[in-house]
Amino acid sequence: MSADESPDYNRRKELPAEIPQAPGAPAPETAAPEPQGTSQLTGRQRLVQGLWPPRVTRPQLIVALLLFVLGLGLAIQVRSNSDSSALRGARQEDLVRILDELDDRTERLEEEKRRLEEQRTGLENSSDQAEEARKQTVERERQLGILAGTVAAQGPGIQLTIEDTKGAIEADMLLDAIQELRAAGAEAIQINDVRVVADTYLSDAGGGGVRVDGHKVGEPYLFKVIGKPQDLEPALNIPGGVVQTLEKEQATVTVERSEKIVVDALRPAKRPDYARSSSR
């Protein structure tokens with residue numbers, strides 16, 4: 001048997017070669033195994049994995065809240081601008097009339113507030129509060145009687161005369177005139193011989209004319225109105241208002257101011273069928 005074929009030589013030949021290490025040297029590093037399936041992910045999948053689940057920080061939350069508040073404020077501003085777009089498209093004459101009506105209503109409310117404060121002061125300062133309260137009660141009753149049409153009234157105002165020879169005037173046209181006068185501060189209204197109150201109704205009468213609370217009135221229609229003449233007359237003569245509407249129907253309209261208008265048509269005082277005072 002030759003030296004190449006000896007068993008000891010064959011065993012040495014099969015053993016793996018090892019690199020001798022110095023005593024105390026660290027073990028050689030080996031490559032970390034790649035996670036299974038990582039090499040198979042596409043670019044879009046890696047992007048999704050990076051974005052979800054989201055990692056929100058405190059500064060990002062503050063910025064998001066500020067953006068939300070800013071967007072809410074812009075939405076409210078846009079809505080308020082759209083609500084006022086109707087007034088922006090109005091004519092100058094209409095805007096002036098609206099402002100005048102607002103000023104008049106504010107003035108009337110201030111006058112009512114001032115009057116009530118004077119009544120309160122009178123009650124507080126009066127030595128005989130019972131007598132003062134009785135006087136104010138009588139005055140209040142008289143005022144409510146004027147509004148209810150149970151007592152006559154007089155004062156400054158206007159007289160509106162409508163001549164309708166063509167028979168074209170209808171109930172809704174007279175109702176528009178009443179509403180316009182009330183909006184301008186009319187305190188008492190009478191049409192011919194009928195007192196106009198809160199529950200007054202108008203309807204067309206057969207054969208021409210108009211019925212006011214069931215009473216037929218014909219032309220010429222005579223309105224007696226107590227109120228501030230400087231407010232009542234312009235309210236009827238505004239462009240596209242009551243006077244122009246009636247004149248389009250070929251009616252003749254006359255408005256006259258007066259320092260003394262007498263409204264003497266009366267309405268009977270009615271007792272409510274169901275309503276009762278809740279004060280005790």
Side-chain angles (χ1 to χ4, degrees), residues 83-108 147 149 153 155-263 265 267:
D83 292 340
S84 61
S85 59
L87 292 178
R88 291 180 180 176
R91 298 178 304 174
Q92 183 177 0
E93 295 83 357
D94 296 335
L95 293 176
V96 171
R97 179 179 61 85
I98 293 173
L99 290 175
D100 291 341
E101 291 181 357
L102 290 176
D103 292 339
D104 295 338
R105 292 178 184 177
T106 302
E107 184 178 350
R108 290 196 297 270
L147 297 177
I158 64 170
Q159 181 170 294
L160 170 66
T161 305
I162 304 173
E163 297 180 4
D164 178 30
T165 58
K166 302 292 184 180
I169 301 301
E170 298 180 351
D172 58 343
M173 299 178 185
L174 299 185
L175 180 60
D176 290 340
I178 294 175
Q179 299 287 35
E180 195 68 45
L181 291 169
R182 283 175 172 171
E187 298 177 352
I189 303 176
Q190 175 177 329
I191 303 178
N192 290 9
D193 295 328
V194 182
R195 186 74 167 265
V196 176
V197 294
D199 60 351
T200 292
Y201 65 93
L202 288 81
S203 61
D204 295 324
V210 176
R211 292 187 179 275
V212 181
D213 289 335
H215 302 280
K216 184 175 181 180
V217 296
E219 70 93 22
Y221 303 100
L222 179 61
F223 284 67
K224 296 180 180 180
V225 187
I226 296 178
K228 189 176 181 181
Q230 294 82 354
D231 295 337
L232 298 175
E233 183 180 4
L236 298 175
N237 288 311
I238 61 173
V242 174
V243 173
Q244 285 192 359
T245 302
L246 295 174
E247 289 177 347
K248 287 181 180 179
E249 300 296 332
Q250 298 182 356
T252 303
V253 183
T254 304
V255 181
E256 298 177 355
R257 298 186 184 186
S258 176
E259 292 299 324
K260 183 179 180 180
I261 297 292
V262 178
V263 175
R267 299 287 295 267

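These numbers were taken from a predicted model, which means no experiment stands behind them.
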Under a 4.5 Å cut-off applied to non-hydrogen side-chain atoms, are [X] and [Y] in contact?
{"X": "L181", "Y": "L232", "value": "yes"}
{"X": "T200", "Y": "V212", "value": "yes"}
{"X": "Q159", "Y": "L222", "value": "yes"}
{"X": "T252", "Y": "T165", "value": "no"}
{"X": "I178", "Y": "R182", "value": "yes"}
{"X": "I191", "Y": "V196", "value": "yes"}
{"X": "E107", "Y": "K228", "value": "yes"}
{"X": "I162", "Y": "E219", "value": "no"}

Of the non-hydrogen atoms in [X] and [Y], which two are nearest, and what is the gap between them?
{"X": "P156", "Y": "I261", "value": "C-CG1, 4.5 Å"}
{"X": "R108", "Y": "A184", "value": "NH1-O, 3.6 Å"}
{"X": "A205", "Y": "R211", "value": "CB-CG, 3.7 Å"}
{"X": "P234", "Y": "P229", "value": "CD-O, 3.9 Å"}
{"X": "Y201", "Y": "G214", "value": "OH-N, 3.4 Å"}
{"X": "N192", "Y": "G218", "value": "ND2-O, 3.2 Å"}

Candidate pair L246 and M173, rule side-chain contact (heavy atoms from CB on, under 4.5 Å), full reasoning:
CA-CA 8 Å; L246 295 174; M173 299 178 185; 4.0 Å; yes

Are R267 and D213 ion-paired here, with the side-chain N under 4.0 Å from a carboxylate O?
yes

Please walk me through it: do R195 and V263 pass side-chain contact (heavy atoms from CB on, under 4.5 Å)?
CA-CA 8 Å; R195 186 74 167 265; V263 175; 3.4 Å; yes

side-chain contact (heavy atoms from CB on, under 4.5 Å) assessment of I169 paired with L174
CA-CA 8 Å; I169 301 301; L174 299 185; 4.0 Å; yes

L160 CG to E256 CD distance, which is reported to the nearest 0.5 Å
10.0 Å

Using a 3.5 Å distance criterion without hydrogens, assess whether the side chain of D204 forms a donor-acceptor pair with backbone atoms of E170.
no

Donor-acceptor contact present, side-chain E247 to main-chain E249, <3.5 Å
no

Report the C-alpha distance between D176 and T245 in whole Å, list the side-chain angles of each, state the deciding distance to 0.1 Å, and finish with yes or no for side-chain contact (heavy atoms from CB on, under 4.5 Å).
CA-CA 10 Å; D176 290 340; T245 302; 6.0 Å; no

Counting only heavy atoms not in D193 (residues, nucleotides, ligands), do more than 12 fall under 6.0 Å from its CG?
no

